[in-house]
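Order of the sequence lines sets the chain letters (A, B, ...), proteins ahead of strands, with each chain counted from 1.
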Protein chains: 2
Amino acid sequence: MVNVAILGFGTVGSGVAEVLDVNAEQVAAGAGKDIRLKYIVDIRDFPDSPYQKYMVKDFAVVEGDPDVQIVVETIGGAKIAYEFTKRALLAGKSVVTSNKELVATHGYELLQIAQEKGVSYLFEASVGGGIPIIMPISQCLAANKIDEIYGILNGTTNYILTEMFKNGLPFETALKQAQQNGYAEANPAADVEGHDACRKISILSSLCFGHHVYPDQVPTEGITAVTGDDVELAGRKGYKIKLLGRALTGGDGRVYAYVGPHLVPESNLIAGVEGVMNGIVVRGNAIGSVMFYGAGAGKLPTASAVVSDVIDAAKHIGTGSRMPWGAGGAEYVGDANTLETAWYVRAKGGAAAPQGAEQLGGVNGSEAWLMPKMSRSAAQALTEGMDVQSMFRVLE
Amino acid sequence: MVNVAILGFGTVGSGVAEVLDVNAEQVAAGAGKDIRLKYIVDIRDFPDSPYQKYMVKDFAVVEGDPDVQIVVETIGGAKIAYEFTKRALLAGKSVVTSNKELVATHGYELLQIAQEKGVSYLFEASVGGGIPIIMPISQCLAANKIDEIYGILNGTTNYILTEMFKNGLPFETALKQAQQNGYAEANPAADVEGHDACRKISILSSLCFGHHVYPDQVPTEGITAVTGDDVELAGRKGYKIKLLGRALTGGDGRVYAYVGPHLVPESNLIAGVEGVMNGIVVRGNAIGSVMFYGAGAGKLPTASAVVSDVIDAAKHIGTGSRMPWGAGGAEYVGDANTLETAWYVRAKGGAAAPQGAEQLGGVNGSEAWLMPKMSRSAAQALTEGMDVQSMFRVLE
């Protein structure tokens, strides 16, 4: 028998309670032992919740109960969640989380504490919602030297871009529609400015390349600069525009990670990842490319990932589930702006074509080109003097 | 330090030796200990191999060496591989394999022996080549009740169907091209008749639904009945033809598994799985649908999966890596022919449309229709008297 406490009874926390309840048989079979919800910690009252009997307001109750072996942290943010996670680990409890901000900013420190205490700190649900990605990378691809990882890591922006492409909506209308459907927050900045994707590619980079990559080491552009004109011009040549987080190793052994809009050829399977779905591609030296696809958010998919980690933690009580990930530092991370890729550029009409560029055509008084592989600064130099409206990388 | 012996120095076996060698650093980091190749067992001579020093001809050397903790079986078939696997497990060694025939026909028995001896029997590479699928299902989706699994499980037939679709080749020409490119055997029956996909869906069904499903419980059709006319008529309505292995639970709790050609709408991501690639979709009650995509065969991708299992076995020496999968039996498996799906039917011209069917159009003197959801026998009854040329299921 393993006892679990959930911190934070929001969307994910209540989903975890529900999955532990409804799928108790599968969970017990997977863990090889019964797993029982003992506490839900939240300062709010939930008088009508069927889980009322588990509710406590004070984390100290969980911290001081030696029968609680696993703590599920679904509070979010990097303040109170950080404090409670540290205290839980130091009290010898494994912690499972969906909190990408906390993992991206304090993952190394928390993993270190977990290792010292012989417990697990697991975060499958922090990237890709329910999609199995953290364990497949750390275990199934362990025989590989990973060269690159990239993907559609944010469902909200992918929904907006999909609506712009399929239904010709302008960005603002697509965003409003996403908000009406509950896919975007009232303040959509974390999604549309790329911060959410930035945290996720930080976590994936750290996992794939072995040293903590921090969000402030990842140059990030969102999708607010993507217009209907860009979507249309790219579409004419068989490209979709997708917001990708991407990280790869350079010849110098450093990691180059960034987030930004990309033109993706329709022949790439990831171009078919539509709406709120996520898709992540990993390239290893033995396996070649593999892709993982599924719902990147949502109550039950995310809870599914959290509970799979609960099962893993339950199986490894006494030893902890090992996750290799070393300290970060400026020396491990290169400047992503020096990465050479092909570029898409759109400028107000009448400009001469950039040298070596292929014309994509014009719309609404602007014209676009595809420029061959070069760094960002080279692309900027080549388009100097043009009235540039948009400039995005092109995925090969 | 963990010592490994490889049985069978063919494509996969030599790939395993190469990955253990080239990626030794990643492998040791993943396992938390050094993993050393000690023997390669093959009755053939390989005087020019860089791995010459590991070669022995007699399996008894491995069996009798207590320092060998992990045996990699890449012999293939279910005769000598079966005998050696059993002997290795009984000698207290973990066994890792890519041998789908052996797992599909004797998996339950071998898993039982492994459990009794406290060792692992692992077979990530038996399905989907290098794609992580066995561990993600057994661990990452453990919080789910799985409702359905289906996928493109055979790269050879997918290559042939892709060439028929993209380049309008007839089946025979596409097959010849696959043989010339090394994607198909001189005797292509195991691929084109669907036997390979049948073994793989047997393994996946057993894993997803908890009881061994044997290949002879899985009605299997290959792609030899798929013609260029079918590919063209389906394509006109936005469908691709794909060979799918599929298994789902019925309302009666039984498993319904089968292999056959399907019309897949282009809006389904799996329609974009082209050439020799594989794609597998799993549907769970919490996670919704997830897809796994990658190279379904090939020396290094398959070796990557084998070596990830070697790492897993090395981490669990002394306990064994648990895999839940019970005994099979007729009572667990329903008749897949009773499953209701939409149908595609093509008949020689001039026939009246089957009741309720939607006309797809005609080509080369035959006409095709889409029929609504019904069982195979209902579909056959409805087309009685027609000169039926092809009849395939349609994926929703």
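Counted within 6.0 Å of CD on B:Gln112, heavy atoms from surrounding residues, nucleotides or ligands total more than 12; the atom is thus considered enclosed.
Ranked by non-hydrogen atom pairs under 4.5 Å with chain B, the options A:Ser308, A:Ser304, A:Gly294 are led by A:Ser304. When the candidates A:Ile131, A:Asn285, A:Val19, A:Val27 are compared by the number of heavy-atom contacts under 4.5 Å with chain B, A:Asn285 comes out ahead. Heavy-atom pairs under 4.5 Å with chain B peak, among A:Asn144, A:Val307, A:Ile311, at A:Asn144. Of all the listed residues (A:Thr302, A:Val310, A:Leu269), the one sharing the greatest number of non-hydrogen pairs under 4.5 Å with chain B is A:Leu269.
Of the two parts of B:Lys315, only the side chain, counted from C-beta on, holds a non-hydrogen atom closer than 4.5 Å to a non-hydrogen atom of chain A.
Partner of A:Met135 under the side-chain contact (heavy atoms from CB on, under 4.5 Å) criterion, chosen from B:Pro132, B:Pro136, B:Cys140: B:Cys140.
Using a 30° and 60° split on the angle between ring planes, A:Phe292 and B:Phe292 fall in the perpendicular class, above 60°.
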